[in-house]
S.K.: 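The structure follows.
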Amino acid sequence: MWGDFTSFVVSTANTAHVAAARTTLIDLFNATGSGVIIKVRGLFIIPALSAVTGVGMTYETIRTSAVGTGGTTLTPRVFDTDDAALSGSVTARLKPTGGATTATSLLFHNGTSEETIPYASMASITNHLPLFGTPYFKPIVLRENQGIKLDQTTNSSVGNVNIMLAFTVE
């Protein structure tokens with residue numbers, strides 16, 4: 001049946017933007033031996049609705065060829081508790097400090113840390129992957145030894161953001 005796949009979500013919760021030329025905010029990696037194919041079906045970049053004078057933010061979605069290291073381990077959560085647990089070979093990290101080696105740049109996304117504009121209130125339901133749910137695009141597929149990361153490319157520490165990845169495992 002359509003949509004009847006084991007589904008997960010992993011989230012950074014609110015994390016601070018970083019005043020650096022490039023910062024990886026989240027990394028998801030499917031290592032050798034996982035026995036699964038991951039299909040990333042949703043990418044949500046949600047600014048915290050805190051009172052800041054916001055700035056325009058640019059993010060880049062990147063396919064990776066090595067697992068992220070350091071940072072904080074994140075636990076993907078299954079949507080249906082009757083589904084099998086995720087393989088320990090699939091990992092996620094908040095702000096990895098190493099690894100997460102860039103293989104290919106996939107997409108650029110623009111947002112803002114300003115809470116008073118319409119984007120901020122709509123971001124939690126805005127999937128930043130192209131034409132999600134249509135027959136025209138496949139999801140981002142992560143086979144063994146492939147991953148995905150989202151980098152903040154804007155050098156600004158203004159505001160906080162929550163990054164959520166929704167994915168299925170087949």
Side-chain angles (χ1 to χ4, degrees), residues 3 5-13 15-47 55-77 86-113 119 123-157 161-170:
F5 298 104
T6 303
S7 303
F8 293 86
V9 65
V10 64
S11 172
T12 63
T15 187
H17 284 116
V18 179
R22 178 177 291 273
T23 300
T24 298
L25 297 175
I26 191 170
D27 159 65
L28 175 67
F29 196 78
N30 186 10
T32 298
S34 71
V36 298
I37 295 174
I38 294 173
K39 295 187 176 181
V40 181
R41 298 179 181 276
L43 167 63
F44 301 85
I45 304 169
I46 308 164
V55 297
M57 303 297 287
T58 301
Y59 305 93
E60 183 179 4
T61 300
I62 300 167
R63 183 180 304 279
T64 61
S65 60
V67 66
T69 59
T72 303
T73 301
L74 299 172
T75 303
R77 304 294 182 190
L86 190 59
S87 165
S89 297
V90 177
T91 58
R93 296 189 174 279
L94 166 66
K95 296 181 181 172
T97 56
T101 307
T102 295
T104 306
S105 176
L106 296 174
L107 303 164
F108 285 89
H109 319 276
N110 293 310
T112 180
S113 58
Y119 170 80
S124 66
I125 60 170
T126 302
N127 187 350
H128 288 78
L129 295 181
L131 299 173
F132 174 75
T134 72
Y136 305 110
F137 275 83
K138 285 186 173 183
I140 296 173
V141 177
L142 305 178
R143 301 182 191 289
E144 290 187 9
N145 280 323
Q146 293 181 332
I148 190 172
K149 67 180 178 177
L150 184 79
D151 281 5
Q152 170 196 327
T153 62
T154 305
N155 183 348
S156 174
S157 62
V161 67
N162 178 5
I163 309 298
M164 289 190 321
L165 294 173
F167 60 96
T168 58
V169 173
E170 299 172 21

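Note that the structure is a prediction, hence the values are computed from the model and not measured.
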S.K.: Taking only residues two or more places apart in sequence, or in another chain, which ones meet Phe167 in a ring pair (Phe, Tyr, Trp, His ring centres under 6.0 Å)?
M.R.: Phe8

S.K.: Hey, what do you get for CZ (Arg143) to OG1 (Thr32), rounding to the nearest 0.5 Å?
M.R.: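 With rounding to 0.5 Å, CZ (Arg143) is 14.0 Å from OG1 (Thr32).
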
S.K.: So, taking the atom named CG in Leu150 and the one named CD1 in Ile163, what distance separates them when rounded to the nearest 0.5 Å?
M.R.: 5.0 Å

S.K.: Using the salt bridge (Lys or Arg N to Asp or Glu O under 4.0 Å) criterion, which residues pair with Arg77? Sequence neighbours excluded.
M.R.: none

S.K.: Rounded at 0.5 Å granularity, tell me how far NZ in Lys149 sits from OG1 in Thr23.
M.R.: 10.5 Å

S.K.: Pairs in or reaching into residues 63-72: which pass side-chain hydrogen bond (donor to acceptor under 3.5 Å, both in side chains), with residues at least two apart or in two chains?
M.R.: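 Residue pairs with at least one partner in residues 63-72: there are none.
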
S.K.: For Asn162 and Ser11, work out which heavy atoms get closest and say how close.
M.R.: OD1-OG, 2.7 Å

S.K.: With a 3.5 Å distance limit and no angle check, can you tell me whether Ser7 reaches the backbone of Phe5 through a side-chain donor-acceptor pair?
M.R.: yes

S.K.: Would you compute the distance between atom CG of Leu107 and atom CD1 of Ile140 and round it to the nearest 0.5 angstrom?
M.R.: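 These two atoms lie 5.5 Å from each other.
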
S.K.: Going through the distances and angles, do Asn145 and Asn30 end up as a side chain to side chain contact (heavy atoms under 4.5 Å, CB included)?
M.R.: CA-CA 6 Å; Asn145 280 323; Asn30 186 10; over 6 Å; no

S.K.: Can Val161 and Leu25 be said to form a side chain to side chain contact (heavy atoms under 4.5 Å, CB included), step by step?
M.R.: CA-CA 9 Å; Val161 67; Leu25 297 175; 4.1 Å; yes

S.K.: In sequence, state the C-alpha distance, the side-chain angles, and the governing distance for Thr75 and Val10, and then conclude on side chain to side chain contact (heavy atoms under 4.5 Å, CB included).
M.R.: CA-CA 6 Å; Thr75 303; Val10 64; over 6 Å; no

S.K.: Between Arg41 and Pro139, which heavy-atom pair has the shortest distance, and what is it?
M.R.: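 Heavy atoms only, the tightest pair is NH1-CG, 3.9 Å.
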
S.K.: Which atom names give the shortest non-hydrogen contact between Val90 and Ile38, and what distance separates them?
M.R.: CG1-CD1, 3.5 Å

S.K.: Any idea which heavy atoms bring Leu142 and Gly147 closest together, and the distance?
M.R.: CD2-O, 3.5 Å

S.K.: Indicate the atoms forming the closest heavy-atom contact of Thr101 with Ala66, along with that distance.
M.R.: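 Looks like OG1-CB, 3.4 Å.
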
S.K.: Measuring from atom NE2 of His17 to atom OG of Ser157, what distance do you get when rounded to the nearest 0.5 angstrom?
M.R.: 10.0 Å

S.K.: Can you find a heavy atom in the side chain of Thr104 that is under 4.5 Å from one in the side chain of Ile62?
M.R.: no

S.K.: Enumerate the residue pairs fulfilling salt bridge (charged side-chain N to carboxylate O under 4.0 Å, His left out) with a member in residues 101-110, sequence neighbours excluded, ordered by first and then second residue.
M.R.: none

S.K.: For Lys39, does its backbone N or O pair with a side-chain atom of Glu170 as donor and acceptor, under 3.5 Å?
M.R.: no

S.K.: Once salt bridge (Lys or Arg N to Asp or Glu O under 4.0 Å) is applied, do any residues pair with Lys95, and if so which ones, sequence neighbours excluded?
M.R.: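 For Lys95, no residue satisfies salt bridge (Lys or Arg N to Asp or Glu O under 4.0 Å) once neighbours in sequence are set aside.
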
S.K.: What are the two closest non-hydrogen atoms of Thr73 and Arg93, and how far apart are they?
M.R.: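 Shortest heavy-atom separation between Thr73 and Arg93 comes out as OG1-NH1, 3.3 Å.
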
S.K.: Using a 4.5 Å cut-off on heavy atoms from C-beta on, say whether the side chain of Val141 contacts that of Ile37.
M.R.: yes

S.K.: Out of curiosity, Asn110 CG to Thr58 OG1, how far, rounded to the nearest 0.5 Å?
M.R.: 4.5 Å

S.K.: Thr153 and side chain to side chain contact (heavy atoms under 4.5 Å, CB included): which single residue from Arg22, Met57, His109 fits?
M.R.: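 So the option named by the test is Arg22.
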
S.K.: Name all residues meeting the side chain to side chain contact (heavy atoms under 4.5 Å, CB included) criterion together with Asn155; count only those two or more places apart in sequence or in a different chain, and write none if there are none.
M.R.: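 So Asn155 forms a side chain to side chain contact (heavy atoms under 4.5 Å, CB included) with Ala19.
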
S.K.: For the pair Leu165 and Ile26, evaluate side chain to side chain contact (heavy atoms under 4.5 Å, CB included) and give the outcome as yes or no after the intermediate values.
M.R.: CA-CA 9 Å; Leu165 294 173; Ile26 191 170; 4.0 Å; yes

S.K.: Give a yes or no answer on whether the side chain of Thr24 reaches the backbone of Pro96 with a donor-acceptor pair at less than 3.5 Å.
M.R.: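 Not confirmed, Thr24 side chain does not pair with Pro96 backbone.
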
